[in-house]
Amino acid sequence: MLKTLLAQVREFKKDSLLTPLFMILEVLMETLIPLVMASIIDNGVETGDIGHIYRMGALMAVLAVLGLITGILGGKYGARASTGFARNLRKAMYENIQTFSFSNIDKYSTAGLITRLTTDVTNVQNAYQMLLRMCTRAPASLICAMTMAFLVNARLASIYLVAVIFLACILLYIMTHATKYFQAVFRKYDDLNASVQENITGIRVVKAYVREDYETTKFQNACNKVYEMFIKAEKLVVLNMPVMQFTVYACILGISWLGAKMIVGSSLTTGELMSLLAYCMNILMSLMMLSMVFVMVTMSMASAERISEVINEKTDLTDPENPITEIPDGSIVFDHVDFSYKKDSKEPVLKDINLSIRSGETIGIIGGTGSAKSSLVNLISRLYDTTAGSVKVGGIDVRDYSMESLRNQVSVVLQKNVLFSGTILDNLRWGNKNASEEECRHACQLACADDFIEKMPEKYNTYIEQGGTNVSGGQKQRLCIARALLKKPKILILDDSTSAVDTATDARIRRAFAEEIPDTTKLIIAQRISSIKNADRIIVMENGRVAAFGTHEELLASEPIYQEVYNSQTQGGGDFDHSSTGGDNA
């Protein structure tokens with residue numbers, strides 16, 4: 001974990017080294033000031049030497065200014081190092097998340113990843129800054145002040161040694177017992193963020209069903225859990241301050257009492273007592289700073305582990321050593337394919353799939369909810385790897401291709417249509433960043449999106465809100481189809497991507513596909529038989545298996561499930577789920 005985090009310091013190593021250097025210099029300046037003050041009292045005030053007072057006063061002013069300058073520089077470099085460190089941590093996590101396969105993403109909740117990128121990084125950033133500054137300054141100040149105190153008077157300085165040992169024991173107790181609560185509290189943060197994210201994403205549903213009170217209660221419960229865990233941790237952490245203050249005042253009283261006796265006995269001067277009291281504050285303030293560092297480090301340990309987990313996560317899918325970058329054509333072959341989302345799963349999602357699809361064919365895929373239609377097509381662009389068997393595109397195993405090359409030639413419109421904040425053109429150019437406006441317009445015409453875009457005030461420069469909240473479901477689907485077409489793929493997969501458009505528009509989209517992209521292999525997942533009946537062949541999925549594969553006429557003549565669904569839909573109701581006994585896997 002430590003190696004992973006320190007690797008992100010990178011270009012801020014210089015700042016990380018300069019910070020403790022300037023903090024040590026600041027401590028040296030502060031350590032010398034009490035000695036100069038003692039000299040002023042003993043050799044200037046008590047002897048009446050005004051010249052000595054001026055000289056030592058000037059030296060004290062110089063030391064104070066140098067201490068101020070070194071302190072400022074330490075703060076400057078410390079801030080640069082810690083903020084740069086935090087930036088690199090966020091960047092490393094974000095870049096690694098982009099490499100995750102779907103199976104890697106499935107391991108983490110969205111809210112959990114957001115917490116790691118924000119709250120956890122902030123905790124580690126604060127801890128790192130305190131380590132560079134306080135954890136250098138405090139021990140240096142403690143050692144210097146303790147050394148000078150023993151040089152002034154070893155007998156009185158032994159009081160400090162007892163105080164240090166006592167406080168070290170208290171801090172160790174607080175740190176070990178508070179850590180487990182801080183580790184638990186960040187897991188509760190995940191639940192809190194998940195509650196907020198879910199509520200905001202589904203706010204229209206919440207309001208439609210008048211569930212604001214329920215959502216408020218759920219959020220309050222999540223807040224209360226975070227509060228309760230923090231209270232348990234803080235009950236221990238707050239012991240730090242009263243114990244520290246008790247020790248400070250006990251030391252001052254002990255030194256004053258013993259010091260006064262020693263002055264009366266002529267074994268200690270007034271200046272030396274004053275310097276010892278100054279060193280007392282230095283030592284105990286150093287301990288107080290160390291205690292703050294320990295508390296912050298305790299809090300950040302849990303965050304550091306969570307950050308390291310994301311940075312060290314290795315994607316399940318990698319390119320081969322010498323990947324193939326050219327996809328010959330859009331033919332697809334499933335050769336005895338089994339697939340499970342989890343390696344230790346007893347029951348596979350897909351079972352012994354054998355299919356051969358010619359390049360340029362239009363293939364319909366139909367089946368009940370949970371029959372593994374989406375799982376089947378996800379294997380083509382290698383969003384997941386097969387558990388057994390192989391998937392071939394253009395006659396070559398998909399695992400032999402460069403994933404970037406493969407996915408550029410396999411365009412997928414997923415069930416969950418996602419648009420990003422930006423103009424319509426910005427969203428369309430996700431398919432081809434160099435596409436001209438004319439190419440974008442043509443793709444929208446094929447997807448039947450041009451009609452509604454032209455009616456918008458800014459047309460293709462209309463701004464799409466985050467998540468596409470200012471367009472309807474059907475409009476969003478058509479924009480996503482147009483975006484996929486701009487890639488000019490060899491394989492086009494539409495995963496129930498016309499469910500929100502009317503039947504007439506659906507027919508126009510299919511006709512445009514047949515006329516404009518005849519050489520592209522098209523796989524269309526649908527619940528309506530009318531959407532796929534004109535396909536070259538149709539796959540009927542049931543419980544993760546291919547129940548039948550043939551033309552509309554062949555299936556209508558020989559496949560009972562297909563016949564039943566067709567009759568129910570053509571006679572005024574029902575979809576595949578009303579007649580099919582689908583499995584449990586989508």
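Just so you know, residue 1 is the first one in the sequence shown, and it goes up from there.
Residues forming a side chain to side chain contact (heavy atoms under 4.5 Å, CB included) with S359 (at least two apart in sequence, or on another chain): D329, S331, T521.
Distance alone, capped at 3.5 Å, places no donor-acceptor pair between the D519 side chain and the G360 backbone. When atom types are taken as modelled, the side chain of Q563 and the backbone of L556 share a donor-acceptor pair closer than 3.5 angstrom. Side-chain atoms of K351 come within 3.5 Å of backbone N or O of N543 as a donor-acceptor pair. A donor-acceptor pair is defined here as one N or O able to donate and one able to accept, closer than 3.5 Å; such a pair exists between the side chain of N354 and the backbone of H336. A distance-only check finds no donor-acceptor pair linking the side chain of Y562 to the backbone of A548 [under 3.5 Å]. Formation of a donor-acceptor pair under 3.5 Å by the D335 side chain with backbone atoms of S390 is not found in this model. Checked by atom type and distance alone, the side chain of N221 pairs as donor or acceptor with a backbone atom of T217 at under 3.5 Å. Side chain of T362 to main chain of K522: no donor-acceptor pair is present (N/O by atom type, distance under 3.5 Å, no hydrogens or angles). Under the 3.5 Å distance criterion, the side-chain polar atoms of R478 are matched with a main-chain donor or acceptor of C448.
Counting heavy atoms from C-beta outward, V546 and M541 have side chains that approach closer than 4.5 Å. Using a 4.5 Å heavy-atom cutoff, the side chains of L555 and R537 are not in contact. The closest side-chain heavy-atom distance from T386 to I353 is not below 4.5 Å. Contact check for D338 versus D352: side-chain heavy atoms found under the 4.5 Å cut-off. The side-chain heavy atoms of L479 and F452, taken from C-beta on, include a pair separated by under 4.5 Å. Two residues are said to be in side-chain contact when any heavy atoms from C-beta on lie closer than 4.5 Å; P348 and T387 fail this criterion. In this structure, E454 and Y460 have side chains that are in contact, with non-hydrogen atoms separated by less than 4.5 Å.
Within the model, atoms NE2 of H552 and CG of N534 stand 8.0 Å from one another, a figure rounded to the nearest 0.5 Å. For the atom pair CD1 of I365 and CG of L355, the computed distance is 8.0 Å after rounding to the nearest 0.5 Å. We find the CD1-CD distance between I453 and Q445 to be 9.5 Å, quoted to the nearest 0.5 Å. Between S303 atom OG and Q125 atom CD the span is 12.0 Å, to the nearest 0.5 Å. Separation of atoms CG (L486) and CD (E439) is listed at 7.0 Å; rounding is to 0.5 Å. Put simply, CG on L485 and SG on C440 are 11.5 Å apart, with the number rounded to the nearest 0.5 Å.
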How far apart are the C-alpha atoms of I491 and L523, what are their side-chain angles, what is the distance that settles it, and do they pass the side chain to side chain contact (heavy atoms under 4.5 Å, CB included) test? CA-CA 8 Å; I491 298 171; L523 282 76; 4.1 Å; yes

Evaluate K488 against N432 for side chain to side chain contact (heavy atoms under 4.5 Å, CB included), listing each step before the verdict. CA-CA 9 Å; K488 298 177 181 176; N432 177 4; 5.6 Å; no

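Side-chain contact check for R407 and Q409: no donor-acceptor pair (N or O, by modelled atom type) lies under 3.5 Å. If you check the side chains of N408 and S405, you find no donor sitting under 3.5 Å from an acceptor. A donor-acceptor pair shorter than 3.5 Å cannot be found between the side chains of S375 and Y384.
Between V310 and the options T4, I97, L117, a side-chain contact (heavy atoms from CB on, under 4.5 Å) holds for only I97.
Around CD of Q98, the count of heavy atoms belonging to other residues, nucleotides or ligands within 6.0 Å exceeds 12.
Using a cutoff of 4.0 Å between basic side-chain nitrogens and carboxylate oxygens, K218 and E215 are scored as salt-bridged.
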